[in-house]
Protein chains: 2
Amino acid sequence: MSAEKTADGTVGKALEVLDSVAAYGRPVRFSELQTSSPYPKATLYRLLQTLVRQQMVNLNETDGTYSVGLRLVKLAHAAWETASLAPIARAHVAALAEQVEETVHLAQFEAGQVLYVDKRKSNDQFETLAQVGKVAPAYCTGVGKAMMAFLGPKQLQLALNQQAFHRYTPATLTNADQLQAELEHIRADGVAFDREEHEQGTISIAAPALTSEGRVIGAISIATSTARKTIDDLNRLKPDLLQAAEHIGQEATSWQFPA
Amino acid sequence: MSAEKTADGTVGKALEVLDSVAAYGRPVRFSELQTSSPYPKATLYRLLQTLVRQQMVNLNETDGTYSVGLRLVKLAHAAWETASLAPIARAHVAALAEQVEETVHLAQFEAGQVLYVDKRKSNDQFETLAQVGKVAPAYCTGVGKAMMAFLGPKQLQLALNQQAFHRYTPATLTNADQLQAELEHIRADGVAFDREEHEQGTISIAAPALTSEGRVIGAISIATSTARKTIDDLNRLKPDLLQAAEHIGQEATSWQFPA
DNA sequence: CATAAAGTTTCATATAATGGAACTAAAGTT
DNA sequence: AACTTTAGTTCCATTATATGAAACTTTATG
């Protein structure tokens, strides 16, 4: 485990146990948790009981399985309401999806990563929470590069240090210099492109959502497959995209959304 | 603080701090957290730094405020996916709302309380997460009584002990004997009514969703105001409600949803 | 019924956390 | 500009909490 996590003693351990329960995505028995835990059996057991008493984990006494608990769901909800741009931006995301007839993503920048907070396909009857909440790297996604390009210098330096530059496809940018050059282009052009950098066959055009003071609060993108459209096709959607991004920025500023 | 929380030492304290950050619902400064914290300044500060390092809390270095962090949002998402009946039940909730043209709620039973996991109004274009995740008492809500009525005896006893019997309106049931008698009626009738017991002017009819083995996994309700409809009007919707509840139970059983 | 596996508890010892006091930085006042 | 107040941060002797191997209990299996 990382030195950072070690430094956080009991709390760090408890949260790691919580993560492992959550990661199973289904109720899990103690012995299963034990097989993948770095902790001695007694330690794991005690941490788990603490989490159960704190209602972060639920113990189903009928079959002896553990699953995420009510208190976490409550915290989850508070986290979503406080930190998510999705409620404010929803109408604009929906309108853009209808207009361009492609998948539209809304994302935020957190700890150097991209967090998808909304996704809308024009023919969906509803959006599902299961589609949002996903985290992706910033350096090789449209929304990630769009947000990085408009960060202040201090935040940008920190963000650059937080990129792993793992090569996902042959098109992935794999070092900070390449990325910096790309970000200059994006700043000049106003939009970012994902040219199959994260996922082969997937391209997108993205624009940052900025407050009236120019601070990055998120990004919106139109994504499609190379089978359906080309980068030039996406570029033709630039005006609609920029307008939606600007609307989101304006609305967030009027709501005094934290940036 | 309760003895239970005290017994959980540092983890309990850290979670309490996390709760208080989440409860603000907006970015908050250290001094504000301090005013309502039971902990000495140094202790609060150190717990907060631990949560920041663990990414459960985010520190905005620009304005020195704390807010919920990415890791909590990730855990949130996992919690939702694992523990929520909402994705499985969604189509049935939507169909019922369309059919009866009133607000339909979907809820689950957790730690003696009702957790709303979906809500649909027939004329909504979308549902918002902000509407779900709310917790309510069981003894004076339609969904709560519907679920309690079909609990096994051991679980029912525990659940009865978890009710506060606070009087919300003149119609609120305020002791276990009254509630037990009401639950007998509900078992016989198959549905529960909220007769302005939780909120003046709000009435509802609710039915439990049961697995094929008869275990309670949730409840669904049709809620309206006394200005719009009477209890008799709601009773006429009983067949549609029971059918939707049964469909949800069947689908959950086929998905092997944990009960 | 015996054995194995899973879950739970004990307690001497080790480690982590505490919190008053002091320090540093930022904001406010004169 | 200087001083005061408030907010944020760090120190470290002391205290509290956590640890984890071993043992025990319960449940499952052959």
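Below, read A as the first sequence line, B as the second, and so on, with proteins coming before strands; counting in each chain starts at 1. Only heavy atoms go into these numbers, but all of them, side chains included; no hydrogens, no water, no symmetry mates.
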With sequence neighbours left out, what residues match B:Arg187 under salt bridge (Lys or Arg N to Asp or Glu O under 4.0 Å)?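 B:Arg187 satisfies salt bridge (Lys or Arg N to Asp or Glu O under 4.0 Å) with B:Glu184 only.
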By salt bridge (Lys or Arg N to Asp or Glu O under 4.0 Å), which residues pair with B:Glu32, not counting sequence neighbours? B:Arg26
What is the distance from [atom1] of [X] to [atom2] of [N], rounded to the nearest Å?
X: B:Glu16; N: C:dA17; atom1: CD; atom2: C1'; answer: 16 Å
X: B:Leu48; N: C:dG19; atom1: CG; atom2: P; answer: 16 Å
X: A:Leu51; N: D:dA18; atom1: CG; atom2: P; answer: 12 Å
X: A:Leu47; N: C:dA16; atom1: CG; atom2: P; answer: 13 Å
X: B:Asp63; N: D:dG8; atom1: CG; atom2: C1'; answer: 14 Å

When the rotation axes relating C1' atoms of four end pairs to the next four are compared across the helix from C:dC1-D:dG30 to C:dT30-D:dA1, five pairs an end, they differ to 10° by 50°
Sequence neighbours excluded, which residues qualify as ring-ring contact (aromatic ring centres under 6.0 Å, His included) partners of B:Phe150? none
Could you list the residues that satisfy ring-ring contact (aromatic ring centres under 6.0 Å, His included) with B:Tyr66, not counting sequence neighbours? none
Provide the closest heavy-atom pair for B:Pro208 versus B:Ala245 in the form atom of the first, atom of the second, distance.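 Heavy atoms only, the tightest pair is O-CB, 3.5 Å.
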Using a 4.0 Å cut-off on protein heavy atoms (strictly under), produce a 5'-to-3' string for nucleotides 5-10 of chain C with B for base contact, S for backbone-only sugar-phosphate contact, and - for none. -SBBB-
Taking only residues at least two apart or on different chains, which pairs with a member in residues 135-151 of chain A satisfy salt bridge (charged side-chain N to carboxylate O under 4.0 Å, His left out)?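 For residues 135-151 of chain A: A:Lys145-A:Glu182, A:Lys145-A:Glu197.
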What is the nucleic acid contact for B:Thr43, judged by heavy atoms within less than 4.0 Å: base, sugar-phosphate only, or nothing? base
Quick one: side chain to side chain donor-acceptor pair (under 3.5 Å) partners of B:His92, sequence neighbours excluded? B:Glu251
Non-neighbouring partners of B:Thr65 that pass side chain to side chain donor-acceptor pair (under 3.5 Å), sequence neighbours left out: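 With sequence neighbours excluded, B:Thr65 shows a side chain to side chain donor-acceptor pair (under 3.5 Å) to B:Asp63, given in chain and number order.
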